[in-house]
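When a residue number appears, it is its place in the shown sequence, counting from 1. These numbers were taken from a predicted model, which means no experiment stands behind them.
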Amino acid sequence: MARTSSPPPVCLALQGGGSHGAFQWGVLDRLLEAEALDFRAVTCASAGAMNAAALITGLEAGGFEGARKALDKLWREINLSGGRNIFGDSSIWSATFSPAWMKDTPLWRSAESLAMTMSPYQFNPFNLNPLRRVLDTVVDFEAVRGSAIQLFVATTAVNRGRVRLFNNAELTVDVLLASACLPHLFQAVEIDGEPYWDGGYLANPPLWPLFYASTPDDILLLPLNPFQRDETPRDADVIMDRLNEIVFNAPLVAELRAVAFVQDLIEAGRLNQTGDDGYRKLRMHAIEADTHLSDLPLRSKFDTEWTFLNRLKDKGGAAAEIWLSDCLAHVGNTPSIDLKARFL
């Protein structure tokens with residue numbers, strides 16, 4: 001489905017979610033294959049930031065096809081760097097020693113809870129992180145720092161308890177590691193003497209930089225955590241899974257509500273789009289993961305087995321195919337999701 005005309009410019013918003021980021025890989029791969037969109041800005045957190053860095057690396061090196069190759073290389077390297085441990089999985093969750101029947105026993109759940117009480121400063125005193133090698137291998141940091149594609153990477157400043165965004169010029173491997181640093185699995189990443197944790201706690205991904213920068217009015221959101229569940233969780237592990245989804249979706253939902261509110265005021269003529277206010281109409285689009293990833297438990301976010309990653313990629317590609325057919329024509333014209341109905 002290659003386009004004969006220039007693709008419309010958009011901003012990308014990439015949520016984090018461990019190995020579920022392979023779903024984003026599949027979405028991006030299909031969009032790039034179709035040469036459907038011109039990515040002018042990317043805002044991201046955690047695994048979404050890794051996808052963003054690989055995407056820009058590839059676009060700078062070889063356009064759409066270069067980006068597809070860079071993303072493929074990223075996920076191959078993730079698979080090769082320690083299997084299920086790459087995103088911080090502890091051995092208590094290893095599928096090698098954990099058949100399904102064992103996970104349902106009180107002894108297993110007690111051991112899992114005990115593992116969560118351990119500090120990475122105790123069980124990983126040398127602060128080993130296999131993601132460092134992956135990112136050094138895949139990402140051309142000089143190319144990303146010099147790219148015209150604007151990049152915003154979210155991190156959580158631990159001591160100040162606030163979000164910090166890093167832009168292209170500030171991007172290093174430590175910034176990407178900080179954006180994906182789960183504090184019960186990795187030691188905080190220090191940058192200029194300040195410790196940082198996963199950006200998804202406060203911005204997953206951050207949307208507000210796209211409101212103030214000179215960026216396209218169309219924003220394509222690629223979330224990884226389902227917004228909606230049909231059944232009330234009752235088992236302990238399912239409760240924790242859903243709580244994790246809600247916590248990591250909360251910053252994004254708050255921003256989407258704010259966007260919907262401002263857009264509603266603009267529609268009603270109560271905000272000026274052209275004056276010093278700087279308000280403008282934004283067109284939101286999304287390729288959501290709800291129906292594609294809702295059957296996966298929290299622990300699968302640590303699974304980097306190659307068959308599993310490719311299954312996620314295939315799911316992402318299928319979701320992108322539907323979006324290309326149903327929603328691509330909206331880009332540059334109208335929103336394809338109703339924020340007011342969803343979040344107000």
If you look at every heavy atom in [X] and [Y], which pair is closest and at what distance?
X	Y	answer
T215	C11	CB-SG, 3.5 Å
L309	A22	O-CB, 3.7 Å
A45	G199	CB-C, 4.3 Å
L71	A54	CD2-CB, 4.0 Å
C181	A188	SG-CA, 4.0 Å
P233	V238	CB-CG1, 3.5 Å

Can you label the angle between the F248 ring and the Y201 ring as parallel, tilted or perpendicular, going by 30° and 60°?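 F248 and Y201: tilted rings.
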Check whether [X] reaches the backbone of [Y] with its side chain - one donor and one acceptor, N or O, closer than 3.5 Å.
X	Y	answer
Q15	L224	yes
D29	K313	no
T156	D198	yes
S179	S46	yes
R30	L324	no
D314	G26	no
R145	L171	yes
K340	A260	no
D38	P8	no
E60	S147	no

So, do [X] and [Y] sit near enough that their side-chain heavy atoms are less than 4.5 Å apart?
X	Y	answer
F152	L210	yes
L252	L207	yes
Q263	K281	yes
H20	S300	yes
M50	L131	yes
D217	P9	no
L151	V144	yes
R164	E170	yes

Enter the distance from [X]:[atom1] to [Y]:[atom2] here, rounded to the nearest 0.5 Å.
X	Y	atom1	atom2	answer
S336	M284	OG	CE	8.5 Å
T304	F308	OG1	CZ	9.5 Å
Q187	S119	CD	OG	7.0 Å
D218	L37	CG	CG	9.0 Å
T43	L165	OG1	CG	6.5 Å
C327	I287	SG	CD1	8.0 Å

Among all residues two or more places apart in sequence or in another chain, which pass the side-chain hydrogen bond (donor to acceptor under 3.5 Å, both in side chains) test with D241?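 Listed in chain order: nothing, the list is empty.
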Between [X] and [Y], is there shared hydrophobic-cluster membership here, with clusters defined by ILVMFWY side-chain heavy atoms closer than 4.5 Å?
X	Y	answer
V259	V253	yes
I337	L282	yes
I322	L312	no
L296	L298	no
F211	L339	yes

Salt bridge flag under 4.0 Å for residues [X] and [Y]:
X	Y	result
R229	E245	yes
R76	D72	yes
E288	R342	yes

Stepwise, does the side chain to side chain donor-acceptor pair (under 3.5 Å) test hold for N310 with W75? CA-CA 9 Å; N310 273 277; W75 289 96; over 6 Å; no
Verdict with reasoning, N225 to K301, per side chain to side chain donor-acceptor pair (under 3.5 Å): CA-CA 11 Å; N225 293 315; K301 290 185 176 182; 2.6 Å; yes
Mind checking what makes ring-ring contact (aromatic ring centres under 6.0 Å, His included) contact with Y196, not counting sequence neighbours?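 Here the qualifying residues are F166.
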Given the rule in the side-chain contact (heavy atoms from CB on, under 4.5 Å) test, do H285 and L221 qualify, once you have shown the distances and angles that lead to the verdict? CA-CA 6 Å; H285 315 275; L221 173 65; over 6 Å; no
Run D290 and Q228 through side chain to side chain donor-acceptor pair (under 3.5 Å) and show every step you take. CA-CA 7 Å; D290 290 49; Q228 184 172 327; over 6 Å; no
Is there a donor-acceptor contact under 3.5 Å linking the side chains of D140 and T57?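 D140 vs T57: no donor-acceptor pair found between side chains.
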Yes or no on side-chain contact (heavy atoms from CB on, under 4.5 Å) for L28 and L12, after CA distance, side-chain angles and deciding distance? CA-CA 10 Å; L28 293 170; L12 268 179; 3.7 Å; yes
State whether the number of non-hydrogen atoms from other residues, nucleotides or ligands found under 6.0 Å of W197 atom CH2 is greater than 12.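 It does not: W197 CH2 has 12 such atoms or fewer within range.
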Check this for me: R160, atom CZ, are more than 12 non-hydrogen atoms of other residues, nucleotides or ligands nearer than 6.0 Å?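 Counting other residues, nucleotides and ligands, CZ of R160 exceeds 12 neighbours.
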Go through it in stages, so that I can follow the logic: the residues are S19 and D303, the test is side chain to side chain donor-acceptor pair (under 3.5 Å), and I'd like the CA-CA distance, side-chain angles, deciding distance and then a yes or no. CA-CA 6 Å; S19 66; D303 187 350; over 6 Å; no
Check step by step if side-chain contact (heavy atoms from CB on, under 4.5 Å) holds for V163 and T155. CA-CA 6 Å; V163 66; T155 64; 5.9 Å; no
Just to verify, what does L265 make a side chain to side chain contact (heavy atoms under 4.5 Å, CB included) with, not counting sequence neighbours?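 Expected list: F261, R270, L271.
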Chi angles and distances behind the side-chain contact (heavy atoms from CB on, under 4.5 Å) call for L220, L31: CA-CA 11 Å; L220 175 58; L31 297 178; 3.8 Å; yes
